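All figures in this text were calculated on a predicted structure; none of them were measured in a lab. In what follows, every heavy atom counts, from backbone to side chain, and hydrogens, waters and symmetry copies are set aside.
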Amino acid sequence: MANLHKYTSTEALNISYASDFEIQTAWDISNSEVTKDVTGYHTIFVQTDEDIYYGFSESTDAILGTAANNIYIKGGDTIYQLAVPYGIGDGSGSVYLHALRKTSSDASARLVYT
């Protein structure tokens with residue numbers, strides 16, 4: 001008899017096991033908020049050399065405003081995996097990743113979209 005439980009639901013949906021792996025050019029993050037269009041991707045891998053604040057929204061308009069209220073990624077050798085949220089904002093279908101440096105030094109981030 002066939003093993004019907006051979007794959008997990010994630011494997012069966014091919015979400016992260018058969019997804020794209022697109023290395024992006026380095027992202028310079030300064031004291032002015034910057035955005036990346038991540039529409040259509042499931043996961044973003046981020047490695048940054050300095051601490052950065054980040055968030056997601058449906059437009060390129062600045063959202064990080066009061067830095068004290070935002071979560072951040074610690075700079076260094078750690079690679080962070082961020083799930084791209086869907087269903088945010090007005091439902092336009094666009095999703096943008098926002099970033100702003102946390103320290104006095106500009107940051108450089110390495111990104112991979114999957």
Tell me which donor-acceptor pairs under 3.5 Å the side chains of residues 23-31 have, and how far apart each pair is, sequence neighbours excluded?
| unit_1 | atom_1 | unit_2 | atom_2 | d |
| --- | --- | --- | --- | --- |
| Q24 | NE2 | E22 | O | 3.1 |
| S30 | OG | S32 | N | 3.4 |

Next on the checklist: When you compare the side chain of Y80 with that of K74, does any pair of heavy atoms fall below 4.5 Å?
Outcome noted: yes
Checklist outcome for this item: OG1 (T48) and CZ (R110) are apart, to the nearest 0.5 Å, by 8.5 Å
Item to check | Atom of F56, atom of V95 and distance for their closest heavy-atom approach | outcome: CD2-CG1, 4.0 Å
Checklist entry - Which pair of non-hydrogen atoms, one from T39 and one from S94, has the smallest distance, and what is that distance? => result OG1-CA, 3.3 Å
Checklist outcome for this item: All heavy atoms of E33 vs all of A62, minimum pair found to be OE2-CA, 3.4 Å
Next on the checklist: Is the ring pair Y72/Y53 parallel, tilted or perpendicular, if the boundaries are 30 and 60 degrees?
Outcome noted: perpendicular
Checklist entry - From I52 CD1 over to N70 CG, what is the distance, rounded to the nearest 0.5 angstrom? => result 11.5 Å
Checklist entry - Just wondering, do Y113 and V38 contact through their side chains at under 4.5 Å, heavy atoms? => result yes
Next on the checklist: A side-chain contact here means heavy atoms from C-beta on lying under 4.5 Å apart; do V112 and T114 qualify?
Outcome noted: yes
Checklist entry - Can you tell me how far CG of D51 sits from CG of L100, rounded to the nearest 0.5 angstrom? => result 12.0 Å
Checklist entry - So do T35 and L97 actually touch side chain to side chain, heavy atoms under 4.5 Å? => result no
Checklist entry - With a 4.5 Å limit on heavy-atom distance, are the side chains of L82 and T43 in contact? => result no
Next on the checklist: Quick check: do L111 and F45 have side-chain heavy atoms less than 4.5 Å from each other?
Outcome noted: no
Next on the checklist: Could you report the tightest heavy-atom contact between S59 and H98, atom names first, then the distance?
Outcome noted: O-NE2, 3.2 Å
Next on the checklist: Is any side-chain heavy atom of V46 closer than 4.5 Å to one of I79?
Outcome noted: no
Item to check | Q47 side chain to A109 backbone, donor-acceptor under 3.5 Å | outcome: no
Next on the checklist: Among residues at least two apart in sequence or on other chains, which ones pass side chain to side chain donor-acceptor pair (under 3.5 Å) with D49?
Outcome noted: none
